[in-house]
Amino acid sequence: MYPGQEPIFGKLIVLIVVLSLIIFIFNTIMRKILKVKRTKFFSQTHVNDLHKKGDRIIVTLTVIATIVAAIIFYDLPSLPINNSLAVFMVSMVFLFLQEVFRAIIEWKYKKGQNDYLYTIFQLIFVLLIGYFAFQSGGFGLFPDLL
């Protein structure tokens with residue numbers, strides 16, 4: 001570590017833990033309000049075969065797009081943001097599409113259930129939390145992020 005630099009690992013861990021806790025609490029409340037069953041942590045539950053195939057296609061495209069973005073953005077000095085952040089944002093766009101696809105499939109094939117509403121509310125909440133965390137420099141933990 002160089003003089004004048006402070007360790008960011010501890011701050012990053014604190015930020016991740018706090019944001020994860022906030023998202024967990026929101027998800028728990030929304031599941032109770034919408035009466036949606038809780039799925040296993042990190043489980044891949046697909047509604048049907050179409051959802052499974054579509055999910056695989058989106059994940060494959062995410063990996064390809066992230067690799068291509070990493071190659072393109074590598075050492076590109078004209079970007080207004082950090083190159084790593086640009087690659088991260090490309091992958092986040094595809095993860096957003098994956099969740100939108102999930103909500104559409106749940107809406108179309110899980111009639112009479114609120115799973116699609118839960119997915120939409122969860123997506124909106126995570127996007128808002130991510131946006132505010134990014135815009136505020138990690139809620140003040142990383143003031144020189146941008």
Side-chain angles (χ1 to χ4, degrees), residues 7-146:
I8 64 167
F9 186 71
K11 289 180 178 181
L12 185 61
I13 294 297
V14 168
L15 181 65
I16 290 171
V17 167
V18 169
L19 292 181
S20 297
L21 184 63
I22 291 169
I23 292 169
F24 174 78
I25 291 169
F26 175 81
N27 288 344
T28 303
I29 292 168
M30 290 309 297
R31 264 197 312 275
K32 288 185 184 207
I33 290 171
L34 296 172
K35 297 178 177 92
V36 173
K37 291 181 185 176
R38 184 171 179 228
T39 59
K40 293 180 183 177
F41 194 62
F42 281 121
S43 68
Q44 284 195 312
T45 53
H46 295 102
V47 176
N48 57 23
D49 198 41
L50 173 67
H51 184 207
K52 189 174 185 177
K53 289 177 185 175
D55 194 46
R56 284 185 184 165
I57 290 169
I58 293 172
V59 168
T60 303
L61 289 174
T62 302
V63 170
I64 292 170
T66 304
I67 291 170
V68 169
I71 292 169
I72 290 172
F73 294 138
Y74 178 76
D75 231 11
L76 192 63
S78 63
L79 284 178
I81 59 173
N82 186 322
N83 294 354
S84 300
L85 187 58
V87 173
F88 175 74
M89 291 177 82
V90 167
S91 62
M92 288 298 104
V93 167
F94 280 93
L95 292 175
F96 171 79
L97 293 175
Q98 186 177 16
E99 289 302 305
V100 169
F101 178 69
R102 169 181 286 281
I104 291 169
I105 292 293
E106 287 172 345
W107 171 73
K108 190 169 183 178
Y109 294 104
K110 281 187 147 183
K111 299 289 184 190
Q113 296 182 21
N114 291 328
D115 291 18
Y116 72 98
L117 288 174
Y118 173 73
T119 301
I120 291 169
F121 287 134
Q122 180 185 30
L123 179 60
I124 291 169
F125 185 74
V126 169
L127 285 173
L128 287 173
I129 288 287
Y131 173 77
F132 288 123
F134 180 72
Q135 286 298 320
S136 67
F139 298 108
L141 291 175
F142 307 101
D144 55 349
L145 183 64
L146 286 176

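Computed from a predicted model, the values in this text were never measured in an experiment. All values below were derived from every heavy atom in this structure, side-chain atoms included, with hydrogens, water molecules and symmetry-related copies excluded.
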Ignoring hydrogens, what is the shortest heavy-atom contact between [X] and [Y]? Give both atom names and the distance.
X      : Y     : answer
Leu97  : Ile58 : O-CD1, 4.2 Å
Phe94  : Thr62 : CB-OG1, 3.1 Å
His51  : His46 : ND1-CA, 3.3 Å
Ala133 : Leu19 : CB-CD1, 4.2 Å

State, with a plain yes or no, whether a side-chain heavy atom of Ile129 is found less than 4.5 Å away from one of Phe26.
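They are not in contact (no side-chain heavy atoms under 4.5 Å apart), so the answer is no.
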Are side-chain heavy atoms of Val47 and Lys110 found at a separation under 4.5 Å?
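Yes; the side chains approach each other to less than 4.5 Å.
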Return a table of donor-acceptor pairs under 3.5 angstrom between the side chains of residues 116-126 and protein atoms on other chains or two or more places apart.
{"residue": "Tyr118", "atom": "OH", "partner": "Arg31", "partner atom": "NH1", "Å": "3.2"}
{"residue": "Thr119", "atom": "OG1", "partner": "Glu106", "partner atom": "OE1", "Å": "2.6"}
{"residue": "Thr119", "atom": "OG1", "partner": "Asp115", "partner atom": "O", "Å": "3.0"}

Residue among Asp55, Val93, Leu61 satisfying side-chain contact (heavy atoms from CB on, under 4.5 Å) with Gln98
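Single side-chain contact (heavy atoms from CB on, under 4.5 Å) partner of Gln98 among Asp55, Val93, Leu61: Asp55.
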Roughly how far, to the nearest 0.5 Å, is [atom2] of [Y] from [atom1] of [X]?
X     : Y      : atom1 : atom2 : result
Lys37 : Thr45  : NZ    : OG1   : 11.5 Å
Leu50 : Ile105 : CG    : CD1   : 4.0 Å
Thr28 : Arg38  : OG1   : CZ    : 7.0 Å

Show the numbers, then the answer: is there a side-chain contact (heavy atoms from CB on, under 4.5 Å) between Met92 and Leu95?
CA-CA 5 Å; Met92 288 298 104; Leu95 292 175; 3.2 Å; yes
So for atom NZ, which belongs to Lys35, do other residues, nucleotides or ligands contribute more than 12 heavy atoms lying within a distance under 6.0 Å?
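Not more than 12 within 6.0 Å, no.
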